[in-house]
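Okay, structure first, notes after.
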Amino acid sequence: MSKRILISALMAVMLLIACNQPFDPRAPLDKKMVVFSVLSTDRQMQFVRVQQSYMSSASDPTSFTSDNSVTDATVYLRASNGLQFLKDTLLSRTDTSRYKFPMRAFVLNPFIPRWGESYEVIVQSVSYGLASASVTVPGQTEILISSDAARALDRPDKYEQAAQMTFMVQMSGISKGYVGRLLLYYDVLKGSSWVEERVEIPVSSSDSSNYSLDYPVYPRLTITPPTSRVSAYYKNGYYKAILNVVNSRYPSTRIIFKWATFVVLQADKNLSEYYSSTHASMDPYSTRLDDPFVSTVDGGLGVVGAYSLDSLVRLLPGNFWGNR
């Protein structure tokens, strides 16, 4: 009996000692170089961020506020016509709630990637070695507007709420994801100066029967179909509702609506897969077994992607219904 008591006591002591050991489910940090860049045809300045992986001391990863930039990195962009060097630059932050120091980035300016061209981002570091990633920019988009849609954009007051405005889009075969947006540009007189603003037209809302703007629904990045051909549909009721909102926002000043622009963004394979992996909740019809992060960088982690931007502009008449 005494032997059983002794064994039980020893087991209890061992259990108490084990309970006092801190438990950390995280594996040891394997430090790697992290490269992030999105090449785009709608700007002449391209950016590459080069950092190192980190592990926060707390369970909340946003509690990490130190600078984890790779300071000994050199970045190049390889194109069909040769190699270009990116300049190490410090950029100011619009949000300093977490990081209080400037943002370090590598900048190539002026440079606009060409539609359908392939590029390679190359990063060399004394500490981490070589990392690289290749990307192909989607080709140009052909956008057409139906004649009824063009007339409705010009004179929404002459059409019923349910009148449909259709845009036909033929995308590049390289495109793996796309999103189309209908934007309305206008000038508003503020004091003695004209200020340009814009607003997006939704495709639906929580109350589509009355074209209410409560909880509006806007297009999201979607997988490009095999035909690379899609159509986008907008209702005149939402178009008129937006016009009324803008006019009510500025009830006692002049407003001139200038043009409506349908913009199509095409994402390459890298950017589309990264977006899908970070927006898994948008796919309610499958069991999500994806990796939590898609990396397209050899010799490190991160994403190097690209998108192209094309648009169709419809100039609005001088006597447009919403002008005043």
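Side-chain contact between Phe262 and Ile145 is absent, with no heavy atoms from C-beta onward closer than 4.5 Å. Looking at heavy atoms from C-beta onward, Val48 lies out of side-chain contact with Leu108 at the 4.5 angstrom threshold. The shortest distance between side-chain heavy atoms of Arg49 and Met103 falls below 4.5 Å. Put simply, the side chain of Leu91 reaches to within 4.5 Å of the side chain of Phe47, judged on heavy atoms. Inter-residue side-chain proximity for Leu271 and Lys176 is flagged as unmet; no heavy-atom pair is nearer than 4.5 Å. You'll find the side chain of Phe36 stays beyond 4.5 Å of the side chain of Val34, heavy atoms only. The shortest side-chain heavy-atom distance between Val297 and Val303 does not fall under the 4.5 Å cut-off. In this structure, the side chains of Val230 and Pro225 come closer than 4.5 Å at one or more pairs of heavy atoms.
Using a cutoff of 4.0 Å between basic side-chain nitrogens and carboxylate oxygens, Asp187 and Arg254 are not scored as salt-bridged.
The environment of CD1 in Ile223 is sparse: at most 12 heavy-atom neighbours from other residues, nucleotides or ligands sit within 6.0 Å. Crowding of Arg114 atom CZ: a count of heavy atoms from other residues, nucleotides or ligands under 6.0 Å not exceeding 12. Other residues, nucleotides and ligands place more than 12 heavy atoms under 6.0 Å from the NZ atom of Lys100. Summarising the local packing, CD of Glu160 is surrounded by 12 or fewer heavy atoms from other residues, nucleotides or ligands at distances under 6.0 Å. The neighbour count for Lys258 NZ, taken as heavy atoms of other residues, nucleotides or ligands under 6.0 Å away, is above 12. Counting heavy-atom neighbours within 6.0 Å of Arg93 CZ, excluding the residue itself, gives a total above 12.
No donor-acceptor pair under 3.5 Å is formed between the side chain of Thr261 and the backbone N or O of Leu183. Under the 3.5 Å distance criterion, the side-chain polar atoms of Arg104 are left unmatched by any main-chain donor or acceptor of Thr71. Using modelled atom types, one side-chain atom of Ser206 and one backbone atom of Asp214 make a donor-acceptor pair closer than 3.5 Å. In this structure a side-chain-to-backbone donor-acceptor pair under 3.5 Å is present from Ser295 to Gly302. Looking at Asp42, its side chain never comes within 3.5 Å of a backbone N or O of Leu309 through a donor-acceptor pair. For the pair Ser277 (side chain) and Tyr274 (backbone), a donor-acceptor distance under 3.5 Å is present. Judged by distance alone, with hydrogens and angles left aside, the side-chain atoms of Thr89 form no donor-acceptor pair with the main-chain N or O of Phe106 at under 3.5 Å. Asp268 contributes a side-chain N or O that, together with a main-chain N or O of Ala306, makes up a donor-acceptor pair within less than 3.5 Å. A donor-acceptor pair under 3.5 Å is absent between the side-chain atoms of Ser172 and the main chain of Pro138, judged by distance alone.
Under a hydrophobic-cluster definition in which Ile, Leu, Val, Met, Phe, Trp and Tyr are linked whenever side-chain heavy atoms come within less than 4.5 Å, directly or via other members, Val245 and Tyr239 are assigned to the same cluster. Criterion: ILVMFWY side-chain heavy atoms under 4.5 Å apart, direct or through other members. Under it, Val135 and Val75 are part of a common hydrophobic cluster. By the rule that hydrophobic residues join a cluster once side-chain heavy atoms approach within less than 4.5 Å of another member, Val35 and Phe111 end up as members of one cluster.
The cationic group of Lys240 lies under 6.0 Å from the six-membered ring centre of Trp321 and within 45° of the ring axis, placing it in a cation-pi geometry.
Looking at Tyr128 and Gln52, their side chains do bring a donor and an acceptor atom within 3.5 Å of each other. A donor atom on one side chain and an acceptor atom on the other are not found under 3.5 Å apart for Asp148 and Ser146. Side chains of Ser212 and Asn210: a donor-acceptor N/O pair is absent below 3.5 angstrom, by distance only. Side chains of Asn68 and Gln51: a donor on one and an acceptor on the other come within 3.5 Å. With no hydrogens or angles considered, a side-chain donor-acceptor pair links Ser205 and Tyr238 at under 3.5 Å. The closest side-chain donor-acceptor pair between Asp72 and Ser127 falls under 3.5 angstrom.
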Leu243 and Leu184: CA distance, side-chain angles, deciding distance, side-chain contact (heavy atoms from CB on, under 4.5 Å) verdict: CA-CA 9 Å; Leu243 290 169; Leu184 183 64; 3.5 Å; yes
Side chain to side chain donor-acceptor pair (under 3.5 Å) between Ser308 and Gln266, intermediate numbers included: CA-CA 5 Å; Ser308 64; Gln266 295 182 92; 3.2 Å; yes
Verdict with supporting geometry, Tyr178 and Thr222, side-chain contact (heavy atoms from CB on, under 4.5 Å): CA-CA 5 Å; Tyr178 77 95; Thr222 306; 4.0 Å; yes
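Minimum interatomic distance between Gln46 and Val38 (heavy atoms only, all atoms of both residues): OE1-O, 4.0 Å.
Centroid-to-centroid, the aromatic rings of Tyr186 and Phe320 stay 6.0 Å apart or farther.
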